[in-house]
Each structure stands twice: as structure tokens, then as C-alpha cells.
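Written out below as C-alpha cells is the structure these notes cover.
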Amino acid sequence: MKKIVFTVLAMAALVACQSNNKQGLDDGEAVEIVGTDSTGLVDIFAYEGVVPAESGKSDSIDYLVIITQQIDTVNGVYQLTQTYVTADGKAAQQMNSKGKKIFQRGTPQNKMAKVYKLVPDSGSNQTVNLLVESDTTVVLLDNQMNAPAKPDNHRLKAVKHHKHKM
């Protein structure tokens with residue numbers, strides 16, 4: 001029960017930080033972002049990973065995706081933070097989006113694949129597609145829902161505890 005209460009408080013703090021304060025949490029604060037809410041009616045999932053930037057340089061993008069959905073449903077809502085990291089390891093531009101998480105079956109390569117389609121509420125028409133590889137791993141797909149040539153470089157892993165500066 002203590003873990004569930006902590007999860008709810010952490011999610012409330014995370015949402016408050018994103019909506020009210022761009023500085024967010026201190027680096028030392030750990031936030032539990034996988035679990036259920038205090039009623040047990042909502043699942044909260046999070047995935048994180050570093051993906052090479054499309055520019056082809058050694059720059060990268062740090063992804064943090066938090067998905068919330070009612071138990072026994074396949075659709076929900078998401079929050080996504082993408083932080084551009086330069087080749088020398090310095091965090092540069094950060095982009096945040098939120099919207100609907102829609103479950104979809106099938107990709108051009110695999111008609112039975114499970115895909116999370118992240119559709120932003122506003123400000124961007126850039127949908128993010130995540131191929132569900134396992135309970136703990138998703139792979140970023142391109143705009144045509146094709147898997148990357150090197151999926152190892154595009155995997156996001158489920159996280160339980162996360163230190164994140166907003």
C-alpha cells in the first residue's frame with residue numbers, strides 16, 4: 001500500500017512539475033513511475049532510452065514516455081519528454097508532448113505486431129509509434145511504421161525508478 005501511495009504522489013508531482021515549473025524535480029529525487037493509482041483502477045507504465053539523432057551525427061535524443069491507462073483497457077494517455085543531447089554529452093533542446101495512447105495491431109512487416117500510437121493533443125502533428133517487443137521493451141518505429149535497420153539503437157526499456165530533471 002505504501003508503494004501505491006508513493007506512486008500516486010510521485011505522478012502528481014511529475015504532472016505538477018511539467019505543467020507549472022519547467023525546472024521540475026531536483027536531480028537527486030527518484031520518482032516511482034510504474035504501478036497503479038491508489039484506487040487500483042489505473043496502470044502507469046514508463047519507458048526510457050537514448051536513440052541516435054536523425055542527423056547522422058553522434059548526437060542523440062533521450063526519450064522518457066509515461067503511459068497511463070485504465071486497467072483492462074488498451075488505450076490511454078501519454079506524456080513524452082525528448083531531450084536532444086549533443087555529441088559532447090550536453091543536454092540541449094527539450095520537447096514535451098502529451099496526448100492519447102492508442103493500441104493498434106500490425107505493421108508493414110508484421111500484421112500481428114502490437115503497436116502503441118502516441119497522438120499529440122495539440123502543437124504537433126508528429127505521431128510517435130512504438131512497437132511492443134516485450135513487457136519491458138518497445139522499439140521506436142519510423143513514420144511509415146517500419147522498424148529501424150538496427151533496432152538495438154531504438155529500444156526504450158521499461159523503468160521502475162527514474163531520476164529525471166524536468
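Residue numbers run from 1 in the order of the sequence given. Heavy atoms only: backbone and side chains are in, while hydrogens, waters and symmetry mates are out.
Around CG of D72, the count of heavy atoms belonging to other residues, nucleotides or ligands within 6.0 Å does not exceed 12.
Between the side chains of D59 and T86, no donor N or O sits under 3.5 Å from an acceptor N or O. Between the side chains of Q82 and Y63, at least one donor N or O sits under 3.5 Å from an acceptor N or O. Judged purely by distance below 3.5 Å, without hydrogens or angles, the side chains of Q126 and N143 pair a donor atom with an acceptor atom.
Between E133 and R155 there is a salt bridge, with a side-chain nitrogen of the basic residue lying less than 4.0 Å from a carboxylate oxygen of the acidic one.
Residues D62 and G49 come closest through the heavy atom pair OD1-O, 3.4 Å. When all heavy atoms are compared, the tightest approach of V42 to I71 is N-CG1, 4.0 Å. Of all the heavy atoms in T107 and A113, the pair that sits closest is CG2-CB, 3.9 Å. Listed here is the closest heavy atom pair of E48 and L64: CB-CD1, 4.3 Å. Across all non-hydrogen atoms, the minimal contact from S97 to Y78 is OG-OH, 3.3 Å. Annotation for P108 and Q144: closest pair CG-O, 3.5 Å, computed over non-hydrogen atoms.
The cluster map of Ile, Leu, Val, Met, Phe, Trp and Tyr, joined by side-chain heavy atoms under 4.5 Å apart, puts V85 and Y47 in different clusters. Both V138 and V74 belong to a single network of hydrophobic side chains, linked directly or stepwise wherever heavy atoms of I, L, V, M, F, W or Y lie under 4.5 Å apart. Under a hydrophobic clustering in which Ile, Leu, Val, Met, Phe, Trp and Tyr are joined whenever their side-chain heavy atoms come within less than 4.5 Å, directly or via other members, I61 and Y116 fall into the same cluster. Cluster membership for L141 and V132, using ILVMFWY side-chain heavy atoms within less than 4.5 angstrom, is not shared. No path of Ile, Leu, Val, Met, Phe, Trp and Tyr side chains, each step under 4.5 Å between heavy atoms, connects V50 with V139, placing them in separate hydrophobic clusters.
The CD atom of Q109 lies 9.0 Å from the CG atom of L131; values are rounded to the nearest 0.5 Å. Remark: K98 NZ to L118 CG distance equals 14.5 Å, nearest 0.5 Å. A distance of 12.5 Å separates NZ in K117 from CZ in F103, rounded to the nearest 0.5 Å. Between atom CG of residue N75 and atom NZ of residue K101 there is a gap of 6.0 Å, rounded to the nearest 0.5 Å. Interatomic distance, CG of L130 versus NE2 of H154, reported as 12.0 Å (0.5 Å rounding). Residue L80 holds its CG atom at 8.0 Å from CE of M95, rounded to the nearest 0.5 Å.
Not a single salt bridge (Lys or Arg N to Asp or Glu O under 4.0 Å) links D88 to another residue, sequence neighbours left out.
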Open item on the list: Set out, in order, the CA-CA distance, both residues' side-chain angles and the distance that settles side chain to side chain contact (heavy atoms under 4.5 Å, CB included) for V119 and I102, then state yes or no.
Closed with: CA-CA 8 Å; V119 181; I102 300 169; 3.9 Å; yes

TODO: List the steps and the verdict of side chain to side chain contact (heavy atoms under 4.5 Å, CB included) for Q104 and K114.
DONE: CA-CA 6 Å; Q104 174 176 315; K114 297 176 184 176; over 6 Å; no

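Taking Ile, Leu, Val, Met, Phe, Trp and Tyr as members and joining any whose side-chain heavy atoms lie under 4.5 Å apart, directly or through other members, M112 forms no hydrophobic cluster with any other residue.
In terms of modelled atom types and a separation under 3.5 Å, the side chain of T137 and the main chain of S134 share no donor-acceptor contact.
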